[in-house]
Structures are given as structure tokens and as C-alpha cells.
Amino acid sequence: MSFRAKPIPGQLLLDDTVPLTAAIEASQNLQSHTEYIIRVQRGVSSENSWQVRPFIKNYYTSGFPSLWRKRTIHSPNSTSTKCVCVFVFVPQVIRRYSDFDVLNNSLMVCGVSLPLPPKKLIGNMDREFIAERQRGLQAYLDAVTQHPLLCAALPVKKFLDPNNYSANYTEIALQQVSMFFRSDPKWVVMEPLRDLGWRIRKKYFLVKNKEQVKERYLLSWVDLGPDKFLSDKDLQSTMKLLTSLSSPYVCPLLFSSTSESTALLIRPFSEAGSLRDHICKVKPRENYLKKYGNPKKSQPLELSEIKLYGRQILEGLRLLHDGGLFYGHLQASNVMLEQGVCRLTDVENGMLGVPSALRPAVTHFRKINTIESMDVFCFGHLLYEITYGRPPDNVPVDNYPDIPYTAVVSVLQSILSTEACKSGMPTVSQLIQTPLFSDVPLPHSEKAQIRVPSRLKEALRAAKERVEKRLQEEQKMLHQHKRLTRAQSHHGSEEERKRRKILARKKCKQSTCENDDDVSVRNNNNSGSGASSPPTCPSSPTPPPTTGLFVCLPCPAV
């Protein structure tokens with residue numbers, strides 16, 4: 001959704017965290033090159049893969065080919081049937097090899113080796129070569145869409161879905177920020193911080209206050225997300241509450257302004273960077289793909305730092321939960337580290353409706369269905385990262401590399417293990433009481449509180465429930481999709497086909513034996529059983545068995 005666009009009431013905004021899958025279905029040779037037709041699907045719902053639109057002459061959407069089909073239309077008001085031409089819109093993307101090459105060049109900054117097939121100048125139109133290259137390009141797309149960072153990158157989204165990601169978000173945000181500052185001249189934009197974060201619809205700028213020239217501040221401009229369920233009035237009240245929040249473990253929000261579709265936020269700029277910058281040993285202002293794609297100098301933290309930082313983060317989560325503010329966005333990039341104190345940042349994301357970065361992972365576990373449990377799951381993800389110097393490759397995690405911190409592994413198992421993901425997450429208070437964090441001395445011992453008006457607290461509770469309901473619906477849909485996929489895979493397996501053949505043979509033999517038995521029984525009944533069988537006339541029906549004499553009546557004359 002663009003920055004200027006006004007959301008339609010009842011419309012669900014686009015969720016950029018839903019993964020895109022791509023499959024090369026065919027290829028076509030033109031005069032001097034080959035084009036590959038890619039089918040793109042968002043999530044697991046088939047509704048996000050095919051769209052049907054009425055016939056429109058010369059209709060064409062940039063990046064998406066138009067396909068003609070003849071369909072039989074049944075009128076709901078009559079029994080007549082008409083065969084008409086309709087326009088079937090299939091979300092297919094036609095790309096050349098050169099387009100793949102441009103995409104790969106834009107992703108090289110991350111330092112990850114991707115399996116793009118090499119170029120070939122001679123014989124690149126041969127049928128066998130095209131089939132081999134198509135398989136190689138499919139492997140490349142799988143590697144990109146399954147990478148935790150690359151799958152959310154703007155070049156990848158634009159390559160697979162140009163209809164929704166063709167806008168220049170940085171330029172649009174700069175225009176909107178400049179227009180806003182016309183009414184508030186004390187703020188001055190110094191420079192845009194391009195690609196500072198992974199979110200496509202969130203842009204950052206370095207700004208200063210004319211009254212405090214030496215200070216630097218971070219301005220973020222973000223689109224409201226699909227989980228925005230607060231009314232405009234309640235959202236403004238919540239943002240005003242966050243600007244007045246004072247806690248040693250929550251990064252202060254200095255200024256905020258919201259509209260029907262966007263929000264502008266200003267907070268202090270930390271030259272020390274985030275907790276992830278500290279782990280990866282990188283500069284805070286660098287491109288996030290370059291910083292986190294394949295860090296070469298990342299190092300885990302010492303046990304004393306793990307205990308201190310973990311306890312401070314848990315205290316920040318407890319403060320938000322006790323105040324009724326829902327978060328769900330805990331990750332190492334959203335924790336600012338200043339002079340040995342960890343502060344949660346972007347605490348407004350939940351109220352703005354922005355989906356969590358770990359939402360795709362959470363949707364796989366139906367027991368993680370509340371914001372509090374999601375925060376605990378994110379904390380386990382973060383604890384693994386600061387312990388091993390990198391985030392986990394997959395969750396659940398049951399095997400841990402050898403480290404001397406048994407207390408850390410115990411907490412990780414209570415959150416990230418298969419049993420924990422199936423049975424449910426511990427609470428924040430329970431984590432604070434574990435031996436790993438219970439004896440940590442805090443530099444700021446005073447207990448802060450968030451005073452929320454009762455009416456606003458009720459609105460926050462209702463919005464939180466709607467966020468959780470949408471999550472639970474997606475978890476149910478994904479669970480059903482997994483069951484169907486497993487059933488189809490099992491039904492089509494070689495072992496299952498052999499089992500069905502053996503079972504069919506057994507049934508066939510059993511049916512043959514039963515038929516033979518039935519024929520034998522009928523023959524026995526017809527042939528009788530010797531002297532005990534009553535005499536009957538061949539042309540007369542067999543009388544029912546009775547006591548007394550059996551008389552054979554004469555046959556009628558013909």
C-alpha cells in the first residue's frame with residue numbers, strides 16, 4: 001500500500017511477512033531469448049494464487065501476462081448455459097535470464113553464495129539446455145525465498161510481485177516527511193538512512209532539532225499494517241502514552257504523529273547501534289543485508305552479559321505486559337545497547353498493526369497463540385543468538401552445540417524445544433525466576449509502571465484479541481494445509497502404491513474365493529443330499545420343508 005493511499009474500511013492490508021513461493025511452470029522461446037513463466041503464491045491459500053476477472057479488451061498489467069480462456073457460464077436465474085470468453089488473470093511473472101542476473105547482483109551485498117546458473121552465449125536456445133537451466137533457476141528461486149533475510153528484501157519482492165512492490169518507498173517517504181515538517185519547522189532532515197532496516201514500508205532518516213543542533217535523532221516513517229485494530233482516536237492516545245513513558249529498559253519515543261495510513265516517529269539515535277550490531281561487530285549505519293546476511297566477525301556474549309542483558313529485556317517485557325501494551329516484535333535488532341543497558345525499541349509496532357518478523361515461524365505452532373507467548377518465543381530466539389553468535393537456523397531446536405553454560409541451555413530448552421513448542425511457552429515471570437536470571441543485580445532497581453486509562457486499556461485489550469484471532473486463523477489454515485500435504489505425499493509415495501497393490505490383490509483373491517463358495521453352496525442345494533431329500537417333480541417348484549408326507553404331483557399336460 002502506498003504512503004498516500006487511504007485504507008478501505010474492512011480491507012486487510014498487505015502482510016509483507018507472509019512468505020512468497022515461486023515455481024517456474026514453463027519456458028517460451030522468442031526470436032533471440034528465452035522467457036520463463038513463474039507462478040507466484042502468497043502463503044498457502046490458493047485464493048492468493050489465482051484471480052478471475054471479466055473480459056477487458058487489451059488488458060495488461062505490467063509484469064503480469066494476460067491469458068485468454070473460454071469458460072462456460074451458468075446463469076443463476078435460469079437453466080440456460082452460455083459459452084463466453086472471459087479473462088483469466090493468473091499471477092504469473094515472465095522473466096528472462098538477464099532479470100535473474102540483475103536480481104542476483106542486487107543481492108550480492110549480503111555475502112551469501114547463491115546457486116545462479118552461469119551464462120552461456122552459444123547453444124543457449126537448445127531444448128536440453130533450456131530444461132537444465134530451468135531446473136537451475138528453480139533451485140536459485142528456492143534458495144532465495146527460503147533464506148530468512150533475502151525472502152523479505154525489496155529486490156526479491158519486486159522481482160516476484162511487481163504489482164505490489166513497484167513504488168519508490170524512500171522517495172515517497174522523503175516527500176511526505178518534508179511536507180510534514182513544513183508545519184513543524186524545528187525539525188530538519190539531514191540524510192536518509194537507506195536500507196537501514198529490513199521492512200519495505202518503513203524508512204529511516206537522520207534528523208536534528210534546531211533548538212539542539214548537536215543532537216541527532218532517528219525518524220522512521222511507516223505504513224500502518226494489517227494488524228491495526230485500534231481506532232484512530234485510540235491510536236493517537238496510545239502514541240501519546242508512549243511518548244510520556246519513562247523506563248530504563250524501553251527506548252524513549254520523543255515525538256509521534258499518525259494519520260489514516262501512516263505514522264511518523266522520532267526517537268534518539270544510538271551511535272552504539274543495536275544488540276545485533278554488537279554481536280555481529282558491524283557499523284549501525286550500514287546496509288542491513290551487508291551487516292547481517294553473512295557476518296564474518298560475529299561473536300557470542302559472555303555469560304555475565306547474557307544474564308544481565310537477558311534480565312533487562314525480560315524486565316522491559318514485563319513492564320509492557322503489566323501495562324496492557326502488546327509488543328510481539330522482540331529481536332536483537334530491536335534492542336538498543338547503551339552503556340551496558342538494553343532498551344526495547346519499536347514498542348509501538350504492535351499498536352500500529354505491523355506484523356512481527358518472526359510471525360512466519362510462530363504460525364507453525366498452534367500453542368503460541370497469544371502476544372505474551374509470542375514475546376517469550378522471540379526472547380528464546382534472541383537468547384540463542386546472543387549465546388551462539390547467530391540466530392537458530394530452524395525452530396524447534398532440540399540439539400545444542402556444546403557450551404559451558406548449562407543454565408542457558410535449560411532456559412533455551414524450555415522455549416525452543418519440540419516439547420515446549422507443542423505444549424506452550426513459559427511466562428515472563430517464570431523466566432525471571434529461573435536460576436539464570438533470578439540473582440542478576442539490576443542497575444535500575446526502581447519498578448516502573450505504565451498508567452493506562454481504563455477506557456484505553458479496554459480498547460487495547462480488544463485490539464490485542466483481534467490480533468491474536470488473526471494469528472490463530474492463519475495457524476489453523478497452515479495446520480490444515482500441512483495435513484493435506486502429508487496425506488497427498490503419503491498417498492503418492494512408492495511404498496503406499498505397493499501397499500495398495502498388495503491390498504487390491506488380496507481383495508481380488510478374497511472376492512474370488514467368496515464367489516466359489518457361493519457357487520458350491522448353490523450346487524449342493526440343487527443336487528440334494530441322498531435319501532433324506534424329498535422327491536420332487538422336475539417341473540414343479542420345491543415345496544417348503546414341512547412335517548408329514550411329501551407327494552409328487554403329476555406334471556400338467558402340455
Side-chain angles (χ1 to χ4, degrees), residues 1 5-18 201-202 222-245 247 250 253 256-265 316-330 334 344-360 362-363 365-379 424-425 427-429 448-478:
M1 182 176 181
K6 180 179 179 180
I8 301 174
Q11 179 191 22
L12 187 64
L13 302 180
L14 190 65
D15 188 345
D16 295 325
T17 64
V18 176
R201 305 172 195 274
K202 187 171 187 177
V222 60
D223 267 347
L224 303 184
D227 285 330
K228 188 262 181 183
F229 296 115
L230 287 172
S231 66
D232 294 342
K233 181 179 179 181
D234 291 333
L235 180 60
Q236 292 177 0
S237 301
T238 304
M239 302 306 293
K240 184 177 180 181
L241 177 68
L242 291 177
T243 55
S244 62
L245 177 62
S247 170
V250 176
L253 187 63
S256 66
S257 176
T258 59
S259 65
E260 294 178 332
S261 60
T262 59
L264 182 147
L265 312 158
L317 289 178
R318 182 162 65 175
L319 173 67
L320 297 178
H321 293 176
D322 292 345
L325 300 176
F326 50 96
Y327 189 32
H329 291 262
L330 178 62
N334 286 343
L344 305 182
T345 187
D346 287 357
V347 296
E348 70 281 350
N349 278 357
M351 280 64 73
L352 297 177
V354 180
S356 171
L358 293 180
R359 183 186 178 88
V362 172
T363 53
F365 308 108
R366 301 185 69 179
K367 288 295 184 179
I368 311 177
N369 52 15
T370 64
I371 301 298
E372 289 81 7
S373 61
M374 185 185 296
D375 281 331
V376 173
F377 177 82
C378 294
F379 176 78
M425 300 285 102
T427 64
V428 172
S429 299
Q449 292 183 350
I450 303 177
R451 300 185 181 276
V452 183
S454 57
R455 189 192 66 81
L456 182 59
K457 182 177 294 187
E458 180 63 25
L460 289 170
R461 184 193 61 79
K464 173 177 167 291
E465 290 179 352
R466 294 184 64 182
V467 173
E468 294 171 348
K469 181 180 179 181
R470 189 173 87 89
L471 173 63
Q472 294 163 12
E473 290 174 350
E474 290 189 5
Q475 289 174 331
K476 182 179 179 180
M477 182 186 302
L478 182 60

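As a basis for the values below, the full set of heavy atoms in this structure was taken, side chains included, without hydrogen atoms, waters or symmetry mates.
By the side-chain hydrogen bond (donor to acceptor under 3.5 Å, both in side chains) test, Gln236 pairs with no residue at all, sequence neighbours left out. Remark: Asp346 engages Lys202, Arg267 in a salt bridge (Lys or Arg N to Asp or Glu O under 4.0 Å) (not counting sequence neighbours). In this view, Glu465 and Arg461 satisfy the side-chain hydrogen bond (donor to acceptor under 3.5 Å, both in side chains) rule, not counting sequence neighbours. Residues forming a salt bridge (Lys or Arg N to Asp or Glu O under 4.0 Å) with Asp16 (at least two apart in sequence, or on another chain): Arg201. For Thr258, there are no side-chain hydrogen bond (donor to acceptor under 3.5 Å, both in side chains) partners, not counting sequence neighbours.
Distance alone, capped at 3.5 Å, places no donor-acceptor pair between the Glu468 side chain and the Thr370 backbone. Using modelled atom types, one side-chain atom of Lys228 and one backbone atom of Leu230 make a donor-acceptor pair closer than 3.5 Å. For the pair His329 (side chain) and Val354 (backbone), a donor-acceptor distance under 3.5 Å is present. Not one N or O on the side chain of Gln449 forms a donor-acceptor pair closer than 3.5 Å with the backbone of Gly323. With Asp322 contributing its side chain and Leu319 its backbone, the two residues share no donor-acceptor pair below 3.5 Å. Using modelled atom types, one side-chain atom of Ser244 and one backbone atom of Leu241 make a donor-acceptor pair closer than 3.5 Å. Thr262 places no side-chain N or O within 3.5 Å of a backbone atom of Asp223 that could act as its donor or acceptor partner.
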message = As a quick check of understanding, evaluate salt bridge (Lys or Arg N to Asp or Glu O under 4.0 Å) for Glu474 and Lys469, giving each step before the final call.
response = CA-CA 9 Å; Glu474 290 189 5; Lys469 181 180 179 181; over 6 Å; no
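Note that the NE2 atom of His321 and the CZ atom of Phe326 stand 11.0 Å from one another [nearest 0.5 Å]. With rounding to the nearest 0.5 angstrom, the CD atom of Glu372 is 10.0 Å from the CE atom of Met374. Separating the CG atom in Leu471 from the CZ atom in Arg466 is a distance of 15.0 Å, to the nearest 0.5 Å.
Within the structure, the salt bridge (Lys or Arg N to Asp or Glu O under 4.0 Å) test picks out the following pairs touching residues 448-457 (sequence neighbours left out): Asp234-Arg455.
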